[in-house]
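Structure first, commentary second.
Both counts, for ligands and for their atoms, begin at 1 and track the order of listing. Sequential numbering from 1 along the given sequence is applied to the chain's residues. Just so it is clear, the model here is predicted, and its values are computed rather than measured.
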Amino acid sequence: MNINVAGKSFEAGRVFCIGRNYAAHAKELKNDIPDEPVIFCKPPTSLVSHLQHEIPFPSFGSVLHHEVEIVVLIGKAGKPESETDALNYIAGLTAGLDLTMRDVQDDLRKQGLSWEKSKAFDCSAPVGEFTPFTPEQQLADLCFSCAVNGVSRQSGNTGNMLFPIPRLIVEISRYWKLLPGDLIFTGTPEGVGPLLRGDCIEINFAGHNCLNP
Ligand code: ZN
């Protein structure tokens, strides 16, 4: 998937996702609060552009949950030296959905198995249109939300993150050298819930309508 932001073009690369980054969401799924960020990955085939207006319903499992999240686009290669330096790696921001087959995830978790089947499937990561990041933007005060069939479901603010965005970037780069086009799904606030076939989900970031499939 190609991402254009501020006159630059990026081929979307790896999709890093953060689990349990909002205390109220960790609680609603009866998870412990982590001491360090929980990181998992989705393949690039999980991405769905904001230009695509339909998301296929998975052919396995039955309980598809929406998780609206702020998504960070990485703009340069390397490993940031500090959380302040991490800001230099951000090219753009938007909202996205970390779609999850919750019944499949619950089964995998019970068996102590990894989450891929429930979270990394095709088209499990729709993203909105990216807006350029400027250092003046307050990363710790970004509003985002989602609504299903016109009814508000989730409403978040990055100020409630357990691990703020610069910390996430530093943590990921401890294990993976960052590359332009990498995306980071930064975790979902409380209010996750089911999507049914034919539902219309709308996600919003900073007052802009990012996606309306
Ligand atoms: Zn998530």
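Remark: E11 pairs with N2 by the side chain to side chain contact (heavy atoms under 4.5 Å, CB included) rule, at least two apart or across chains.
Taking distances strictly below 2.8 Å, the protein N/O/S atoms close to the Zn ion (ligand 1) are E67 OE1, E69 OE2, D98 OD2.
Note that the CD1 atom of I201 and the CG atom of L195 stand 4.5 Å from one another [nearest 0.5 Å].
Taking 4.5 Å as the limit, some side-chain heavy atom of W176 sits within range of a side-chain heavy atom of F16. In this structure the side chain of F10 reaches within 4.5 angstrom of the side chain of V5, judged on heavy atoms.
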Check the pair R102, E67 against salt bridge (Lys or Arg N to Asp or Glu O under 4.0 Å), reporting the backbone distance first and the verdict last. CA-CA 11 Å; R102 194 70 71 196; E67 296 190 356; 2.8 Å; yes
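Taking each heavy atom of F40 and D98 in turn, the nearest pair found is CZ-OD2, 3.7 Å.
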